[in-house]
**Q** 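I have a structure here, written as structure tokens, and I will follow up with some questions on it.
Each chain gets a letter, A, B and so on, in the order its sequence line appears, and its residues count up from 1.
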Amino acid sequence: MNNKLTVSFSPHVRGEDSVTSTMLDVIIALLPALVGGVYYFGIRALAVCLVTVASCVFSEFIWDKATGKENTIGDLSAVVTGMLLSFTLPVTIPYYMAAVGGIFAIIVVKMFFGGLGQNFVNPALAARGFLLASWPVAMTTFVAPMTKLNLFSSNADAVSSATPLAYVKGIEGAQAASYGDLFFGNVGGCIGEVSALFLIIGGLYLILRNVISPVIPFTYIVTVGLFGYLFDGGFMNGDFLYHILSGGVILAGFFMATDYVTSPTTTKGSFIYALGAGIITGVIRLFGGYPEGVTYAILIMNIVTPIIDKYVRPRVFGTGRGVA
Amino acid sequence: MKYTFKGGIHPNDGKKSTENKPIVQLNAPEEMVFPMVQHIGAPCTPCVAVGDDVAVGQKIGDSDAFVSAPVHSSVSGKVKAIEPRRHPNGNMVQCVIIENDGLNTVHPDIHPYTDADGLSVSDMIKLVREAGIVGMGGAAFPTHIKLSPPEDKKIDLCIVNGAECEPYLTSDHRVMIETPEYVCKGITLIMKILGVNKAYIGIEENKPEAISAMKACAKAYDGVEVKVLKTKYPQGSEKHLIKALTGREVPSGKLPADVGVVVNNIDTCTAVYNAIAFRRPLISRIVTVSGSGIKEPTNFRVPVGTPFQYVIDSAGGFNDGVEKVIMGGPMMGVAQFDMSVPVVKGTSGILAFTSKEITPKKNAPCISCGKCVSNCPMNLMPLYINAYAQMGDVDKCLEYNIMDCISCGICTYTCQSEQLPSQNIKRIKDEIVKRSRKQVK
């Protein structure tokens with residue numbers, strides 16, 4: 001035995017989870033939805049995903065190099081951001097726009113604020129918001145599932161299709177989708193949001209692996225459904241399931257709203273956060289200018305998160321009502 | 001029904017290597033070291049001089065202070081020196097060094113069994129104090145103080161802590177299997193001292209053998225009941241044991257006596273029985289020697305004062321690649337760097353870890369995953385206390401209830417990044433305690 005023993009405060013053992021293993025779990029959980037996206041929208045969906053992932057990882061790599069910081073792409077968080085960003089894009093989006101989105105997510109939203117753990121809003125959603133404001137037409141042009149798309153040339157002439165939410169909004173020509181089509185993903189929409197089934201499989205995986213708590217997804221999804229039921233088309237006349245299954249609610253509930261960095265750390269706080277996001281989503285959907293409100297709802301609640309965490313604290317053992 | 005509490009974790013328990021190994025009596029080596037501080041409270045002053053002959057069980061250090069416990073020799077022989085030596089807590093402490101003559105001459109005060117019936121409560125408490133008994137779970141708080149709660153605190157329940165939730169440690173486990181009747185007899189005496197007629201023995205369900213042994217034995221003792229606890233760290237924390245078994249919460253900054261409960265460790269009960277029935281002081285204890293760095297993991301009965309090196313050698317010595325040696329468990333134990341330190345009354349285990357148990361974390365910042373919050377048994381928000389602790393902002397730490405932290409280590413254990421919340425929090429807590437002591441002076 002050598003004479004060099006490590007001396008430190010306890011504890012001397014640590015759990016096996018690391019940031020990298022958590023990110024890997026999220027990537028695994030996103031794969032079913034990616035497969036769904038490729039199934040319905042073709043190989044171009046995969047190409048868009050690869051572009052955003054590459055753009056995110058490369059941006060982080062360049063930033064680290066340029067600022068003389070340790071290389072951090074190994075924690076895989078940029079890969080997760082890239083995958084999530086591609087899930088929120090229509091399959092017909094030009095590649096360069098997707099790439100710009102990745103650069104914005106990593107450089108502006110994440111690295112400008114201090115890198116992993118410091119961003120105050122979800123990078124993927126902020127980038128989607130940025131793209132939506134910059135190229136509104138390209139970001140809202142959706143094709144019907146199973147449309148044949150060009151992998152490399154422009155898809156400007158592809159027949160566009162309304163999303164299930166356009167129907168809720170009463171947009172001309174939009175038709176209601178069946179529950180079955182919504183559940184399996186046979187509808188128009190963004191690459192990763194269409195198939196509820198595949199998203200739920202991934203979400204359950206995260207819950208079972210103890211990566212996320214069910215509080216946020218459950219509260220958020222139910223709130224959106226209830227809001228739709230209560231206020232869509234008169235009072236208590238709306239379609240609970242339709243509101244849940246259409247648009248990005250399930251994707252956002254499991255994968256966006258649960259982002260560790262931008263969601264509260266307590267159970268009570270998480271509930272308030274998800275409730276707020278659900279209500280804002282409903283308000284935008286029914287009373288706002290856009291057919292979909294998920295992006296802005298979560299971005300707004302991301303900003304509220306530090307305040308929630310500051311004021312909503314758990315009851316410390318041995319204080320308050322715990323003491324008779 | 002199984003009892004439990006909110007929060008906590010399930011670390012790899014590592015108990016397999018020693019849980020089925022009977023306790024082995026270890027003989028004392030030639031040189032024994034007796035630190036004058038083996039408890040929480042005032043240090044003792046040696047009451048022997050260099051050159052004196054001492055017998056087994058003879059008092060060699062005592063103090064006039066109320067919060068203190070005398071120290072006894074575990075061997076017979078000659079006092080070789082009285083000098084500062086390294087203590088397992090890392091400090092240099094005044095120690096009585098005794099050269100063991102190997103004869104084991106027993107001090108005349110220790111005698112065969114005497115009935116406790118004629119003794120008054122204050123007599124019994126005096127015997128417990130004179131025997132130098134301290135809490136044997138690791139904290140080493142003098143037991144006679146626990147047994148004499150202030151008049152205004154009405155005690156109605158005695159809890160015996162057999163949870164042993166720290167990974168790797170199996171000393172209490174073996175005591176419950178091998179000598180349950182001594183434990184029960186000790187409990188009966190403690191109940192008598194406290195004037196209560198109910199005692200719960202809390203044992204985690206991962207020790208079925210201990211549960212059945214204690215259950216079979218407890219039948220013969222009125223009011224003593226075995227309660228099965230769910231296995232979860234830190235079930236052995238006093239506050240969480242009380243919460244699990246009674247639903248009572250010890251108020252912040254208060255003691256178990258404030259909710260009518262006194263908690264004692266399993267082997268403390270045995271020690272109380274020995275003290276009252278045989279006038280035998282606390283001069284040996286069960287030590288689990290384990291971890292991947294130990295050749296033959298064993299449960300030893302070790303005379304207090306035996307140097308670590310001798311105990312480790314008796315367990316076959318170290319394997320290659322030992323990186324850390326710990327006194328106590330891996331979650332709350334104290335890292336050691338000097339193997340000449342002696343086993344003290346609070347040494348529940350000596351663990352040697354290699355890279356198998358100790359894996360450094362990859363460099364990554366806090367990502368606010370909230371695992372430290374959801375698993376904190378005290379319902380604190382360690383990530384924020386950690387951030388303020390690193391900035392040295394004591395006021396903010398206090399605002400986040402830093403002093404309610406029990407240093408269980410869960411925040412660091414569950415942390416996905418390389419952050420060390422538990423360590424940072426402990427540093428600030430120690431500072432706050434130091435400051436308040438200065439103010440009192």
Side-chain angles (χ1 to χ4, degrees), chain A residues 1-23 70-72 74-77 114-119 210-213 215 258-267 269-270 305-306 309-310 312-324, chain B residues 9 11-12 90 167 239 243 248-254 318 320 322-326 328 330-337 353 357-359 361-371 373-374 377-381 383-384 401 404 407 409-410 412-417 420 422-423 426-427:
Chain A
M1 177 193 147
N2 62 19
N3 286 325
K4 283 183 187 148
L5 291 172
T6 312
V7 177
S8 69
F9 273 146
S10 59
H12 307 290
V13 288
R14 304 198 60 176
E16 280 164 11
D17 292 345
S18 68
V19 173
T20 310
S21 74
T22 299
M23 295 299 166
E70 198 188 331
N71 183 357
T72 51
D75 64 30
L76 298 181
S77 64
L116 181 65
Q118 300 299 320
N119 49 294
N210 204 14
V211 173
I212 60 170
S213 130
V215 174
T258 52
D259 172 29
Y260 286 152
V261 181
T262 53
S263 65
T265 55
T266 61
T267 307
S270 297
T305 292
D309 243 15
K310 185 169 171 148
V312 182
R313 297 191 200 165
R315 180 186 65 79
V316 173
F317 187 99
T319 63
R321 68 184 152 73
V323 184
Chain B
I9 51 167
N12 169 24
K239 289 177 178 180
K243 172 80 179 173
R248 301 175 203 173
E249 256 179 46
V250 179
S252 170
K254 296 285 174 69
F318 283 129
D320 285 342
V322 172
E323 287 183 9
K324 217 169 202 181
V325 176
I326 301 154
M331 293 301 291
M332 291 186 74
V334 186
Q336 303 296 319
F337 55 93
F353 283 169
E357 289 100 347
I358 297 179
T359 41
K361 287 268 168 169
K362 267 193 208 137
N363 189 33
C366 171
I367 54 169
S368 318
C369 69
K371 291 274 189 314
V373 178
S374 57
M378 296 306 287
N379 302 338
L380 303 176
M381 299 178 90
L383 77 164
Y384 295 119
N401 304 76
D404 283 301
S407 292
I410 284 180
T412 295
Y413 182 89
T414 56
C415 188
Q416 310 191 4
S417 73
L420 300 168
S422 184
Q423 284 82 343
K426 187 161 166 35
R427 189 166 51 81

**Q** Tell me, side chain or backbone of B:I410 under 4.5 Å from chain A's heavy atoms, or both, or neither?
**A**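 For B:I410, no heavy atom lies under 4.5 Å from chain A.
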
**Q** Could you check whether any side-chain heavy atom of B:L420 comes within less than 4.5 Å of a side-chain heavy atom of A:R14, counting everything from C-beta outward?
**A** yes

**Q** If we define contacts as heavy-atom pairs under 4.5 Å, which of B:E357, B:K371, B:R248, B:K254 has the most with chain A?
**A**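 Option with the top pair count is B:K371.
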
**Q** For the residue pair A:F9 and B:T412, establish whether any side-chain heavy-atom pair is separated by less than 4.5 Å.
**A**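 Result no, sub-4.5 Å side-chain heavy-atom pair not found.
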
**Q** Report which part of A:E70 has an atom under 4.5 Å of a heavy atom belonging to chain B: side chain, backbone, both, or neither.
**A**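 Only the side chain of A:E70 comes within 4.5 Å of chain B.
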
**Q** Write down the atom of A:V13, the atom of B:F353, and the distance for their closest heavy-atom approach.
**A** CG1-CE1, 3.8 Å

**Q** B:K239 versus chain A, heavy atoms under 4.5 Å apart: side chain, backbone, both or neither?
**A**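 Both the backbone and the side chain of B:K239 come within 4.5 Å of chain A.
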
**Q** Against chain A, label B:C369 side chain, backbone, both or neither, depending on which of its atoms sit under 4.5 Å from a heavy atom there.
**A**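 Contact with chain A: backbone and side chain both.
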
**Q** Measure A:S270 against the heavy atoms of chain B and call it side chain, backbone, both or neither at under 4.5 Å.
**A**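 The answer is neither part of A:S270.
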
**Q** Using non-hydrogen atoms only, which part of A:T267 is less than 4.5 Å away from chain B: side chain, backbone, both, or neither?
**A**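 For A:T267, there is no contact with chain B at all, as no heavy atom is under 4.5 Å.
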
**Q** Looking only at atom types and distance, does a side-chain atom of A:T6 sit under 3.5 Å from a main-chain N or O of B:E323, one as donor and one as acceptor?
**A**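 Yes, because the side chain of A:T6 sits within donor-acceptor range (under 3.5 Å) of the backbone of B:E323.
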
**Q** So which heavy atom on B:S252 is nearest to which on A:T319, and how close?
**A**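 Heavy atoms only, the tightest pair is CB-CG2, 3.8 Å.
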
**Q** Please report the closest heavy-atom contact between B:G409 and A:P11, naming both atoms and the distance.
**A**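 In terms of heavy atoms, the two residues are closest at O-CG, 3.3 Å.
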
**Q** Is there side-chain contact between B:K324 and A:S8, with heavy atoms separated by less than 4.5 Å?
**A**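 A side-chain contact exists here, since the closest heavy-atom pair is under 4.5 Å.
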
**Q** Calculate, to the nearest 0.5 Å, the distance between atoms OG1 and CG belonging to B:T414 and A:D17 respectively.
**A**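 If we round to the nearest 0.5 Å, B:T414:OG1 and A:D17:CG are 9.0 Å apart.
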
**Q** Would you mind checking which part of A:N119 comes under 4.5 Å of any heavy atom in chain B, side chain (CB onward), backbone (N, CA, C, O), both or neither?
**A**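 The answer is neither part of A:N119.
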
**Q** When rounded to the nearest 0.5 angstrom, what distance separates CD in B:Q416 from OH in A:Y260?
**A** 5.0 Å

**Q** Side chain, backbone, both or neither: which part of B:P251 has a heavy atom under 4.5 Å from chain A?
**A** both

**Q** When you check the side-chain N and O atoms of B:K426 and A:S10, is any donor under 3.5 Å from an acceptor?
**A** no

**Q** So which of A:V261, A:D259, A:T22, A:V316 has the largest heavy-atom pair count under 4.5 angstrom toward chain B?
**A**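 The option with the most such pairs is A:V316.
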
**Q** If I measure from the heavy atoms of chain A, does B:M381 come under 4.5 Å with its side chain, its backbone, both, or neither?
**A** side chain

**Q** Measuring from B:Y413:OH to A:H12:NE2, what's the distance to the nearest 0.5 Å?
**A** 14.0 Å

**Q** Determine the minimum heavy-atom distance between A:P314 and B:V373, stating which atoms define it.
**A**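 It is CG-CG1, 4.3 Å.
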
**Q** Could you look at B:P167 and say if it's the side chain, the backbone, both or neither that has a heavy atom under 4.5 Å from chain A?
**A** neither

**Q** Between B:Q336 and A:L5, is any pair of side-chain heavy atoms under 4.5 Å apart?
**A**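 B:Q336 vs A:L5: side chains apart.
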
